[in-house]
Amino acid sequence: MSFHDDHELHKRRFGRNVGLALVLLAFIGIVFGLTVVKVTQGGLEPSAFKGQG
Amino acid sequence: MTDASFDTQATPQEASFGDYFALLKPRVMSLVVFTAMVGLLAAPVSVHPMVAFASILFIAVGGGASGALNMWWDSDIDAVMKRTQSRPIPAGKVSRDEAFAIGITLSVFSCIMLALASNIFAGLLLAFTIFFYVVIYTMWLKRWTPQNIVIGGAAGAFPPMIGWAVATGGVSIESVLMFTLTFMWTPPHFWALCLFMKSDYKDAGVPMLHVTHGRRVTRNHILVYTLLLAVVAIGMAFTGVGGPIYLTTALILNGLFILGAISIWRRNEEVSEADGYKREKSFFGLSLLYLFLHFGAILAEATLAPYGLGGW
C-alpha cells in the first residue's frame, strides 16, 4: 500500500501557509526588536510623554 | 475534511504565496527600499539600525500595498496591455476582492507601524503617498490626462522624503531635492518606455502623451524634461547631501542622458522602427542606471562623511 502523491494544489497551499507563517514570525521578531530598542533608549519612559497630554 | 472536498472547492488557478507577493510589485518595491534607505542614511540625524531596518520595511510594505490597490483598480486595462497581462489578477490567480483586501489592510498596517517605529510625521507622509498613488494617480489622473505620469510620478518620488522624515521627523531642502530628482526623472523614463511599447496604452484607452499628442511631441517632451532634470540633479551636488563623488557622477550621467535625449529627439518613427527602437530602449536602460547611481552617490557621500571623505 502506498500513499498517493500530493496534488499540485496541496503543494501550493502548503507553500502559502509556510510563507504566511514565516511572515508572521518575522513580524513578531521585528516588534520584539523594536520594543527592546525603544525601552533601552528610554523612549517609552513616562517622562518622555510629559507635556504631551 | 477529505481530499475530495479540497478538490471541489478549489480551482487550478489557486494562488501561490508568490502570486500574492507579486501583487506588491516587487521591482517597484526595490526602488522604494533603495531610495528610502538613501534618504534615511543621508539625513543628519542618526537612527538606531533596528528602527532604520523596520522603518524601511514598513515603507516598502506601504509601497507594495499601493501597488496591490493599483492592480485592483486597473485590472481591466492590465488584461489588455501585453506588459501587464501576466499580473496576478488578469492571469486569474488572485481575485480583485483579494487584491483590494490585501491592499487596504497592508496600507493601514504599514502607516501605523511606521508611525510607531519612527514618528507620526513619517507615518502620515507614507499615508499621503499611498493616497496620492492610488486615488490621485491611479483613479483620477491616469485615465484622464496625458500629464498623468508627470503629476503621478510624485508618488514614486516620496520614499526618500519619508526616509529623511524617519530620521529627522520633518522636511528640509535636501529631502525636497531628492523628491524633485525622482519626480523630474519619471517622465523621460516612462515616455521612453511608451515609445517602444507602441500600442499597449492605446489599446487600453489610457491617454498617454504619445497617444493623445503623437510621438513627435513625446520626443520633444523627453528632451525638455531631461534638460530640466539635469539642472536639478547637478544643482543637488551643492547642497548638504552632495559632494565631489555626487558631482562627478551627476556630470557624467547627465551628459550621457542629455546625449540620449537629443538622439531620441532627432529621430523619427521610420528611423526608430528600422532598428527596433534601439536608442529608445538604451535610453530607458540608462534611465534605470541614472537614478540608481545618483542615489548611490548620495549614499556614498553620507557613508564616507564620518571619515572626512564625503561632502564638501
Side-chain angles (χ1 to χ4, degrees), chain A, chain B residues 1-24 26 45-61 64-65 88 91-94 98 101-102 105-106 109-110 112-120 122-123 166-167 169:
Chain A
M1 182 180 159
S2 64
F3 291 106
H4 62 82
D5 288 337
D6 272 354
H7 190 278
E8 206 264 332
L9 201 72
H10 295 94
K11 286 180 187 165
R12 237 183 288 178
R13 281 184 182 174
F14 179 73
R16 225 162 56 188
N17 294 338
V18 170
L20 185 61
L22 291 175
V23 167
L24 291 174
L25 282 173
F27 180 60
I28 291 167
I30 287 164
V31 171
F32 179 72
L34 276 175
T35 308
V36 170
V37 170
K38 296 274 180 189
V39 169
T40 52
Q41 282 189 335
L44 297 180
E45 285 169 3
S47 59
F49 297 98
K50 275 184 186 168
Q52 290 187 9
Chain B
M1 186 184 277
T2 65
D3 272 4
S5 67
F6 265 117
D7 288 338
T8 51
Q9 287 170 12
T11 65
Q13 287 294 310
E14 190 163 331
S16 66
F17 186 77
D19 294 322
Y20 290 113
F21 186 64
L23 273 181
L24 309 183
V45 182
S46 67
V47 178
H48 190 284
M50 184 65 214
V51 174
F53 169 76
S55 298
I56 290 169
L57 187 74
F58 296 134
I59 296 170
V61 172
K93 291 173 178 169
V94 177
E98 277 183 302
I102 289 170
T105 307
L106 289 184
F109 166 83
S110 60
I112 292 174
M113 287 309 296
L114 182 63
L116 290 172
S118 57
N119 56 72
I120 291 174
V166 165

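Below, read A as the first sequence line, B as the second, and so on, with proteins coming before strands; counting in each chain starts at 1.
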Proximity breakdown for B:Leu57 and chain A, heavy-atom pairs closer than 4.5 Å: side chain
Nearest-0.5 Å distance that lies between atom CE in B:Met113 and atom CD1 in A:Ile30: 8.0 Å
Interchain contact, A:Val36 with chain B, by part (heavy-atom threshold 4.5 Å): neither
B:Phe21, part contacting chain A, at a heavy-atom distance under 4.5 Å: neither
Side chain / backbone / both / neither for B:Ser55 at chain A, heavy atoms under 4.5 Å: neither
Qualifying residue for side-chain contact (heavy atoms from CB on, under 4.5 Å) with B:Leu114, from B:Asn119, B:Val61, B:Val166, B:Ile120: B:Val166
Any donor-acceptor N/O pair, A:Thr40 side chain to A:Val37 backbone, under 3.5 Å: yes
Summary of salt bridge (charged side-chain N to carboxylate O under 4.0 Å, His left out) pairs that have at least one residue in residues 16-26 of chain A, sequence neighbours excluded: A:Arg16-B:Glu14
Any donor-acceptor N/O pair, A:Asn17 side chain to A:Phe14 backbone, under 3.5 Å: no
Chain B contact via A:Val18 - which portion, at a heavy-atom distance below 4.5 Å: neither
